[in-house]
> 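A single structure is presented below for examination.
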Number of protein chains: 4
Amino acid sequence: MSVNKVILIGNVGKDPEVRYLDSGVAVATFPLATSDRAYTLANGTQVPERTEWHNIVLWRGLAETAEKYVHKGDKLYLEGKIRTRSYDDQAGVKRYVTEIFVDSMEMLSPKAAGVAPQATVQPNVQQQSIQSQVAPAQDNGADDLPF
Amino acid sequence: MSVNKVILIGNVGKDPEVRYLDSGVAVATFPLATSDRAYTLANGTQVPERTEWHNIVLWRGLAETAEKYVHKGDKLYLEGKIRTRSYDDQAGVKRYVTEIFVDSMEMLSPKAAGVAPQATVQPNVQQQSIQSQVAPAQDNGADDLPF
Amino acid sequence: MSVNKVILIGNVGKDPEVRYLDSGVAVATFPLATSDRAYTLANGTQVPERTEWHNIVLWRGLAETAEKYVHKGDKLYLEGKIRTRSYDDQAGVKRYVTEIFVDSMEMLSPKAAGVAPQATVQPNVQQQSIQSQVAPAQDNGADDLPF
Amino acid sequence: MSVNKVILIGNVGKDPEVRYLDSGVAVATFPLATSDRAYTLANGTQVPERTEWHNIVLWRGLAETAEKYVHKGDKLYLEGKIRTRSYDDQAGVKRYVTEIFVDSMEMLSPKAAGVAPQATVQPNVQQQSIQSQVAPAQDNGADDLPF
DNA sequence: TTTT
DNA sequence: TTTT
């Protein structure tokens, strides 16, 4: 038994890229930024703001919602899980990418809010089914990569 | 304004490695496994169990607690944030590691439970202060790396 | 747009009570205890352990899973939402009960773990559908009350 | 070992009421609304939107931040714990109130966002210390009640 | 490299 | 009414 849960509120770095698998399943990807506030330590050291970029992945209905309603700059609430996949780069070296597979999405930007109809996917009947078609970099071409 | 929160329940893959920075600050690292349950899709496809490995990082008091009480095989509840850092590998290629910086830890294994005294760090006066001393691979030697 | 999310790890106070609505839908209820650790303040004051009791409500498949596998004393991980309902007591005074409607459950007790097959409900097609049949105390009789 | 965690995103129903205890500690209270989306069941039943009201309580620095920056209508992200307390009403009947004790707050309304300086309290050295001074209704007078 |  |  285990739990793998991520909650993010942040800003969309680029318009979503949406691909459709042969099966017709939609996959959307985009970067999301979260930022730590700058602050000062007890000893006077200034710790500057730091931005963290997350590789966001949505499937099926959520991907279609993202395609319609999510834009660069939007603020989103996302709930999902951490997923690290590996691939071999051009030099044949194994590399890793950590992504957030989203289960639930809410729009926080005023313009966007209230637009998305049904922003939650059915759990367990979802991402993993098509995982093997999505993961590999080599059969997509470099410019087709989610990230 | 943003939120970057991770909640994990999983099993410790190896005993924690604990290092002490020059400042005396403790840093503990270990892998934690979470697993999706195996299940069968509507179309009959069997989706096998899949294990996700998380790179866990604890600081200061939490690192010292981990050094004393956390062992391979233990089940833990962890709350923290996602942090991706980059480093240059031996070939000079930029590589990325995603880690979970822990803010709060609870022991779920019966043996371990109830032992840890104060399993929560003081937020904001914490990890980032010593970040530059910890991140780089090059000044530590390969066998000194958290992961 | 909003979020109402609760995450609990605690111990079951009593065996679940399970009822079946006329529609055949199962509803399980039980109390769950969470405890703050005792600790000492900077000024020396001892703050004792404090137990919080949560009114847990599960529906449909989750209720049936609880009926089979959840017992007094078990440790559970629960994810759900807060729900406050009102009813009129015997004296006709409006009273409030706050309950946790569970979306996802995991067994943490070693004996129980691994037994439950599909511990997540389909979101949005769930609790609210039968809410009006469940809420009122007056049409159930006092001994039929969830709590 | 246990976990009692609440995550809310919702709208402030009224300007915060802030009181100062004899010790100088600030306590802020206000209602926060979260709403389920309306939706239609498989059988055609319309399930209307439903608003849930949460009794929010903040202490110390967070209460002072709320006093300065939080207003009716603002959208907030809150992280905290569930706490149910009892009191005797005018008729001497024991009554219960469930409150959310906040550990962390973020402003989501554009106007407010970015204003609050340090929106996280130090855990474990916090609410419980002054609990007995705050809980009872009877020594405060009805108009002094948080809710 | 963990657990069920 | 549970656990450590």
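Letters go in sequence order (proteins before strands), and every chain restarts at 1.
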> Let's see if you can work this out: which of dT2(E), dT3(F), dT1(E) has an atom nearest to the side-chain heavy atoms of N11(C)?
dT3(F)
> Atom NZ of K75(C) and atom P of dT4(E): how far apart are they, to the nearest Å?
16 Å
> Just the rounded figure in Å: distance from P of dT2(E) to CG of L108(B).
19 Å
> Rounded to the nearest Å, what distance is computed from the CG atom of residue L8(B) to the C1' atom of nucleotide dT1(E)?
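Taking CG of L8(B) and C1' of dT1(E), I get 16 Å after rounding.
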> List for me each residue that meets side-chain hydrogen bond (donor to acceptor under 3.5 Å, both in side chains) alongside D15(C), sequence neighbours excluded, and say none if there are none.
none
> How many Å lie between NE2 on H54(B) and C1' on dT1(E), as a whole number?
13 Å
> Between D88(D) and R95(D), is the closest basic N to carboxylate O distance under 4.0 Å?
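Not counted as a salt bridge, because no side-chain N and carboxylate O are separated by less than 4.0 Å.
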> With sequence neighbours excluded, tell me which residues meet side-chain hydrogen bond (donor to acceptor under 3.5 Å, both in side chains) with T98(C).
T84(C), T98(D)
> Please tell me which of the listed nucleotides, dT2(E), dT1(F), dT4(E), lies nearest to the side chain of E49(B)?
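Comparing dT2(E), dT1(F), dT4(E) against the side chain of E49(B), the answer is dT4(E).
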> How close or far is atom C1' of dT2(F) from atom OH of Y77(C), stated in whole angstroms?
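It works out to 20 Å between those atoms.
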> Kindly state whether the pair W53(C) / dT1(F) counts as stacked, where counting means centroids closer than 5.5 Å and planes tilted less than 30° apart.
yes
> OP1, OP2 of dT2(F) versus side-chain N and O of K72(C): anything below 4.0 Å?
yes
> L78(B) CG to dT3(E) C1': how many Å, rounded?
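Those two atoms, CG and C1', are 15 Å apart.
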> Heavy-atom distance under 4.5 Å between the side chains of L76(B) and I9(B), does that happen here?
no
> At 4.0 Å (heavy atoms only), tell me whether T51(B) reaches a base, stays on the sugar-phosphate, or touches nothing.
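The residue T51(B) makes base contact.
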> Over how many whole Å does the gap from D15(B) atom CG to dT3(E) atom C1' extend?
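Those two atoms, CG and C1', are 15 Å apart.
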> Please report, rounded to the nearest Å, how far the P atom of dT3(E) is from the NE2 atom of H71(B).
14 Å
